[in-house]
Amino acid sequence: MAIVPIRIALLALLVAVAGCDKDSHGAASAPAPLAHSAAAPVAPVDGERAPTSYPILFVTQAPVATDDAARLSVFANHLPAMDAAPRGGDLMLRYPDGSLRNLTQEAGLGTDGAQGANAIAVREPSVDWDGKRALFSMVAGDGHAFWQLYEVTGLAKGERAHIVRVPGQPANANNVSPLYATDGRVLFTSDRPRAGLAHLYPQLDEYEATPTTTGIWSLDRASGALRILNHAPSGAFSPIVDSYARVVFTRWDHLQQDQLAQRDRDAAQNGVALPFRSFNYAGEAAGAIPLPARTEVFPESRSGSQGKYGWVNAFTNNFFTAWQMNEDGSGEETLNHVGQHELAFGYLTPSFRDDPALSNRTVDTLHANRTSIRREGGLLQLREDPRHPGTYFAVAARDRGTFGTGQLVRLGGDPGLNGEQMQVDPVTPGDPGDALPGGRFRNPLPLSDGALVASHTGDERLVPGAPGLSGLRLVWLEPGPAGLYRAGRPLTAGIRKTLRWMSAAGPRNWSGELWELEAVEVRPRPRPTRAQAGLEAPERAVLAEEHVSEEALRRWLVRNDLALIVTRDQTSRDRADLQQPFNLRVPGGVRTLSTSAPGGRVYDIAHFQLFEGEQLRAYPGRPGRRVIAQPMHTGRLPANPGAPEGSVQIAPDGSTAAFVPARRALSWQTTDPSGEPVVRERNWITFQAGEMRVCASCHGVNVRDQAGRLPPVNKPEALRRLLSWWKQQSQ
């Protein structure tokens, strides 16, 4: 369903606070506010430094020795073991005058010295809309517990901190990254299995089959209702609710075939022992039998294969990028439908090697962005600028060996922008070789007075496998050379502890400054609202002509845990995508041929095949299962004789329509009449029960399609056919 959020102007909540050049702890006061422009890099602003107007809540963390599936890793950072999340940190509050409070200590939590039963680690605080309470995640004890959600009150000076566990959350799961929804619900990420089936725990990611979060979850504290909002096969991270009531988060897009299974196939072919002994289960049920196979049907092979249209190039995908969805989980897509063509432009592998019309390069004139985000990483830890709604600060970092640190950048993501118009601007110095002059940053925090705070390490280069960071301290950013920013004075004088704990490698002792992370501003904010939009005119017309009530259809979808998805014209594709076939024809129906690259091969497309993510892949001795794509079988589709499993027919006008399962990751491809894949989706998408989602084109059109046309507005014939079938089934 196409939804246009209402732009909500953020109130200017500035409070004059007297201050001096240094606070009582020796930390510098805030630098001048950052200047912004729509196209230029962040530029320094001259003028007096102004102290921050509101308190800053942050956490401390005992240094982590490894970046492999540990507390500050880009992925698999939710694991609670002592080596992954050393105990000894606290929830801290810094007031504008520089004074500090240890909130967990006030509440009787945590300890110095030996880290035993009273030990804690804390992470990711998030402040309520009124600025009077905050959520955070905490793990207690010596490593046999889970990260759980807690709420702290008593944040004003003179009050005493009170901390309680949030009731109703999954007890036997790691629940992290909490935030307040605008309606009082708590949103968070969790590694709870998608449907709560314990034998599927944990979900293993699509990279190295490492435990991952399953997506963003919703907890209604009034009713106790708990449900998953988006099923993310490789994890979702650091969600926020922005000024347009969008949940904005980083998602790991890694939809590709299993590299561990590929190594097993190679080993079997060479007659040697299988290193991972991967296999599939027959289903997700507890009693499903293991199969003597590791078959995968979608997407393409990681090593390439021969097909009807010649050689199909190997396909891999590894990108962390900004996503959005509504607070009910509907409308999930990349932020403003931006893609790798706009964010990570340059070389992209075409799907078919033997089609000379396909390109291995993006078209630079079709994206305003001039700062390419490297693949094998992406945009992390997004935070919206309170003075410029729709502008997000982020860390551009590699996926491994960085502790989530990198260059600070600014992303323009106002909902009025399409993917071609979005830009990434550098904020701090970058370097293609990943040696960052002046050090590395994480957890950017743009403040309501225009200043910028971030965690900083002086280490310019990190070598995977080498010892960890030299330290992470919260600093003000200040103007530097070349119109960029650099680390300024720290916010604190340093918070020291002496700790002892038992790790898997034996006893450990550490004494020094704790890392300072994940700062948030403690201030009141207006609650944004979202425009409620129904179907658009073409689809409303079809429902009216078929005498189907939108609300009655939606109620039926909810009862049956289904969503409706519609595409108006599968032959219409965005003009920037030259890596998959773009000269497309429905036999006996519509065709769309490129005007910029005429004369290429024309492909017939006849079927729209849907895949659902199922946890079927397993490895002996490794708990949990990996998601692999299977032809959809839990939706409701009319018969399509002789067609690929889980498919619907493409109508003569190019449209498709299908009833699909809710709250499960889905993907798809178009095929020719014989079932040979032609155009493949590159991401997983989750829909909600009752959601009616319309895409005009596939891949969606930012401005013009490959024939130079605007997005299609035809009344989709496939929807008419589906509704006719649905009425017969419902009688």
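Since we're looking at a predicted model, the values are computed, not measured.
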Worksheet item: Is a salt bridge present between Arg194 and Glu612, judged by a nitrogen-to-oxygen distance below 4.0 Å?
Response: no

Discussion item. Taking the six-membered ring of Trp217 as reference, does the cationic atom of Arg227 (NZ for Lys, CZ for Arg) lie under 6.0 Å from its centre and within 45° of its axis?
Written reply: no

Worksheet, complete the sentence: Taking every heavy atom of Gly700 against every heavy atom of Asp574, the minimum-distance pair comes out as O-CB, 3.2 Å

Discussion item. Using a strict threshold of under 4.0 Å (side-chain N to carboxylate O), is an ion pair present between Glu550 and Arg555?
Written reply: no

Discussion item. To the nearest 0.5 Å, what is the distance between CG on Asn560 and OG1 on Thr634?
Written reply: 12.0 Å

Worksheet item: Would you say Asn326's side chain and Gly329's backbone share a donor-acceptor pair under 3.5 angstrom?
Response: no

Fill in: Electrostatic pair Glu151-Arg221, nearest N-O below 4.0 angstrom
yes

Worksheet item: Under the 3.5 angstrom rule, does the side chain of Thr214 hit a backbone N or O of Ser190 as a donor-acceptor pair?
Response: yes

Fill in: Straight-line distance of Gln615 CD to Leu204 CG, nearest 0.5 Å
7.5 Å

Fill in: Student check: side-chain heavy atoms of Phe687 and Pro661 closer than 4.5 Å
no

Discussion item. Regarding Arg525 and Asp130, does a basic nitrogen lie under 4.0 Å from an acidic carboxylate oxygen?
Written reply: no

Practice prompt. Check whether any side-chain heavy atom of Asp385 lies under 4.5 Å from a side-chain heavy atom of Phe393, and answer yes or no.
Written response: yes

Fill in: Qualifying residue, where the test is side-chain hydrogen bond (donor to acceptor under 3.5 Å, both in side chains) with Asp561 and the options are Arg663, Arg664, Gln688
Arg663

Worksheet entry | Residue pair Asn172 / Arg192, side-chain donor-acceptor N/O under 3.5 Å | no

Worksheet entry | Any side-chain heavy-atom pair of Asn175 and Pro170 under 4.5 Å | yes

Worksheet item: Are a donor atom and an acceptor atom from the side chains of Gln148 and Ser137 found within less than 3.5 Å of each other?
Response: no

Fill in: Side-chain (Arg573) to main-chain (Cys698) donor-acceptor, under 3.5 angstrom
yes

Practice prompt. Output, in order, the C-alpha distance, side-chain angles, deciding distance and verdict of side-chain hydrogen bond (donor to acceptor under 3.5 Å, both in side chains) for Gln570 and Thr670.
Written response: CA-CA 8 Å; Gln570 292 276 0; Thr670 56; 5.4 Å; no

Practice prompt. Check whether the side chains of Ser278 and Arg294 place a donor and an acceptor atom closer than 3.5 Å, and report yes or no.
Written response: yes

Fill in: Ring centroid separation Trp556 to Phe659 under 6.0 Å
yes

Worksheet item: After noting the C-alpha distance and the side-chain angles of Ile685 and Glu333, does the key distance pass the side chain to side chain contact (heavy atoms under 4.5 Å, CB included) rule?
Response: CA-CA 7 Å; Ile685 303 289; Glu333 64 175 351; 5.5 Å; no

Fill in: NZ/NE/NH1/NH2 to OD/OE distance under 4.0 Å, Arg400 and Glu208
yes

Worksheet item: Would you say the side chains of Gln324 and Arg246 form a donor-acceptor pair under 3.5 Å?
Response: yes

Discussion item. If only side-chain N and O atoms count, and only distance matters, is there a donor-acceptor pair under 3.5 Å linking Gln423 with Thr371?
Written reply: no

Worksheet item: Which pair of non-hydrogen atoms, one from Pro80 and one from Trp147, has the smallest distance, and what is that distance?
Response: CA-NE1, 3.7 Å

Fill in: Stepwise side chain to side chain contact (heavy atoms under 4.5 Å, CB included) check, Phe188 with Val166
CA-CA 12 Å; Phe188 59 99; Val166 175; over 6 Å; no

Worksheet item: Taking atom types as modelled and ignoring hydrogens, do the side chains of His633 and Glu614 form a donor-acceptor contact shorter than 3.5 angstrom?
Response: yes

Worksheet entry | Shortest non-hydrogen separation from Gly377 to Phe319 and the atoms involved | O-CD1, 3.4 Å

Worksheet item: Does some side-chain heavy atom of Gln257 sit less than 4.5 Å from a side-chain heavy atom of Thr316?
Response: no

Worksheet item: So His367 and Phe345, would you call those rings parallel, tilted or perpendicular, with 30° and 60° as cut-offs?
Response: parallel

Worksheet entry | Pair Ser697-Ser572, side-chain donor/acceptor within less than 3.5 Å | yes

Item to complete: Show your reasoning for whether side chain to side chain contact (heavy atoms under 4.5 Å, CB included) applies to Phe611 and Val297.
Response: CA-CA 9 Å; Phe611 297 92; Val297 296; 3.9 Å; yes

Item to complete: State whether the side chain of Glu327 and the backbone N or O of Thr182 hold a donor-acceptor pair below 3.5 Å, judged by distance alone.
Response: yes

Discussion item. I'd like to know if the side chain of Asp191 pairs up with that of Asn174 as donor and acceptor (distance under 3.5 Å, no hydrogens or angles considered).
Written reply: yes

Discussion item. Under the criterion side chain to side chain contact (heavy atoms under 4.5 Å, CB included), I'd like the reasoning laid out for Ile565 against Phe608: C-alpha separation, chi angles, the key distance, then a yes or no.
Written reply: CA-CA 12 Å; Ile565 62 171; Phe608 180 54; 4.3 Å; yes

Worksheet item: If you look at every heavy atom in Pro444 and Leu408, which pair is closest and at what distance?
Response: CB-CD2, 4.0 Å

Practice prompt. List the steps, then state whether side-chain hydrogen bond (donor to acceptor under 3.5 Å, both in side chains) holds for Ser218 with Arg185.
Written response: CA-CA 7 Å; Ser218 164; Arg185 288 176 299 130; 2.7 Å; yes

Worksheet item: Does a side chain donor of either Glu206 or Ser234 reach within less than 3.5 Å of an acceptor in the other side chain?
Response: yes

Item to complete: Could you tell me whether Arg383 and Glu124 make a salt bridge, using a distance below 4.0 angstrom between a side-chain N and a carboxylate O?
Response: no

Item to complete: Kindly compute the distance separating CH2 (Trp668) from CE (Met632), expressed to the nearest 0.5 Å.
Response: 11.0 Å

Worksheet entry | Test item: side-chain donor near acceptor, Arg375 and Gln340, under 3.5 Å | yes

Item to complete: Before accepting this row, confirm whether a basic side-chain N of the pair Arg617/Glu296 lies closer than 4.0 Å to the acidic partner's carboxylate O.
Response: yes

Item to complete: Answer yes if the side chains of Asp399 and Asn318 hold a donor-acceptor pair under 3.5 Å, and no otherwise.
Response: yes

Worksheet entry | Glu342-Asn369 side chain donor-acceptor pair, cut-off 3.5 Å | no

Item to complete: Ignoring hydrogens and angles, state whether a donor on the side chain of Arg682 or Asn317 is under 3.5 Å from an acceptor on the partner side chain.
Response: no

Practice prompt. Evaluate the side-chain proximity of Asp328 to Leu229: yes if any heavy-atom separation is below 4.5 Å, no if none is.
Written response: no

Worksheet item: Side-chain contact, heavy-atom cut-off 4.5 Å: Thr321 with Arg251?
Response: no

Discussion item. Given the ring of Tyr201, does Arg625 sit roughly above its face, with NZ or CZ under 6.0 Å from the centre of the six-membered ring and within 45° of the axis?
Written reply: no

Worksheet item: Going by atom types only, do Asp258 and Tyr619 share a side-chain donor-acceptor pair under 3.5 Å?
Response: yes

Item to complete: Report the relative orientation of the aromatic rings in Phe320 and Phe75; use parallel for angles under 30°, tilted for 30 to 60°, perpendicular for over 60°.
Response: parallel

Worksheet entry | Given Thr334, Thr250, Asp253, the one that forms side-chain hydrogen bond (donor to acceptor under 3.5 Å, both in side chains) with Trp323 | Asp253

Worksheet item: Is the closest basic N to carboxylate O distance between Asp205 and Arg626 below 4.0 Å?
Response: no

Worksheet item: So, Glu332 and His231: side-chain donor and acceptor under 3.5 Å apart, yes or no?
Response: no

Discussion item. If you define the side chain from C-beta out and look only at heavy atoms, does anything of Leu219 sit under 4.5 Å from Leu149?
Written reply: no

Response to the item:
In short, Pro711 meets Val703 closest at the heavy-atom pair CD-O, 3.8 Å

Practice prompt. Grab the two heavy atoms, one from Glu691 and one from Leu557, that are nearest each other, plus how far apart they are.
Written response: O-CD1, 4.1 Å

Item to complete: Check whether any side-chain heavy atom of Arg568 sits under 4.5 Å from a side-chain heavy atom of Pro538, and report yes or no.
Response: yes

